[in-house]
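When a residue number appears, it is its place in the shown sequence, counting from 1. Order of listing sets the numbers, starting from 1, for every ligand and every atom in it.
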Amino acid sequence: MLSPRLFHKILGVALFLFPCCAEGKPAGNWLLPVFGHLVGDGRDEGFMPGMQFPPPFLSRSEDVIRQLEHRISRLEGVLRFKKMITESGGKIFATNGKKADFDTTMKKCKEVGGSIATPRNPGENDAILYFVKDANTYAYLGMKESLIPRKFQFLDGTELNYTNWHLNEPSGKGEEECVEMYTDGTWNDKKCNQNRLIVCQF
Ligand SMILES: *[C@@H]1O[C@H](CO)[C@@H](O)[C@H](O)[C@H]1NC(C)=O
């Protein structure tokens with residue numbers, strides 16, 4: 001069942017992938033034909049041709065929710081097809097294909113309602129690795145060194161309950177506060193000012 005949270009996620013992904021629109025520049029009216037339907041009247045043309053709206057046995061809101069689900073699942077199909085999103089559990093990961101340092105990556109992800117990709121289990125690590133491999137470019141992850149050298153934590157300060165360090169990492173002895181993902185999915189501690197692939201989660 002479609003939740004407002006999921007809708008918000010999808011919208012965030014769309015704005016992330018089409019930054020022209022997030023930054024407020026005129027971008028044509030692609031957003032309207034796609035999302036106008038989502039919030040518009042269900043009797044608009046274009047939905048499941050042949051089906052009559054509203055069927056007498058469905059309430060108006062069930063009707064709208066079905067159309068939203070149908071439309072969003074098709075959008076997800078397009079984004080997967082274009083290699084723009086991956087999913088694991090309830091999380092959606094996306095890249096815009098650009099590179100940035102750690103702080104800029106955080107900012108870019110936040111601007112579009114997401115956050116920097118943070119793998120919390122092997123499935124999520126793989127979902128991020130997909131982009132790292134595809135772009136053949138390392139990516140920063142949402143974790144940082146704590147005040148104790150070589151002890152890393154999630155950005156909210158909680159302890160890592162999953163790690164995938166490369167052999168003999170972390171090795172920065174407090175000098176490398178960020179974490180990057182290698183193209184084999186393992187992690188390395190690294191200074192935060194390198195250019196790395198931007199991967200966000202939603
Ligand atoms: C760590 O905790 C998060 C939720 O707090 C969970 O989603 C994740 O799967 C956990 N990771 C492992 C490896 O158990």
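- For ligand 1, the polar-atom distance check finds an N/O of N161 within less than 3.5 Å of one of the ligand's N/O atoms.
- Classification of the F102-Y140 ring pair by plane angle, with boundaries at 30° and 60°, yields perpendicular.
- From the protein, the heavy atom lying nearest to atom 7 (O) of ligand 1 is N121 ND2, 4.3 Å.
- Note that the CD1 atom of I92 and the CD atom of E76 stand 5.5 Å from one another [nearest 0.5 Å].
- Of the protein's heavy atoms, R120 NH1, 4.3 Å lies nearest to atom 5 (O) of ligand 1.
- The residues E111 and K107 are annotated as salt-bridged, a charged nitrogen and a carboxylate oxygen being separated by less than 4.0 angstrom.
- For residues 184-202, the pairs satisfying side-chain hydrogen bond (donor to acceptor under 3.5 Å, both in side chains) are K91-Q201, S115-Q201, N125-W187, E180-N188, E180-R196, Y182-N188, D184-T186, with sequence neighbours left out.
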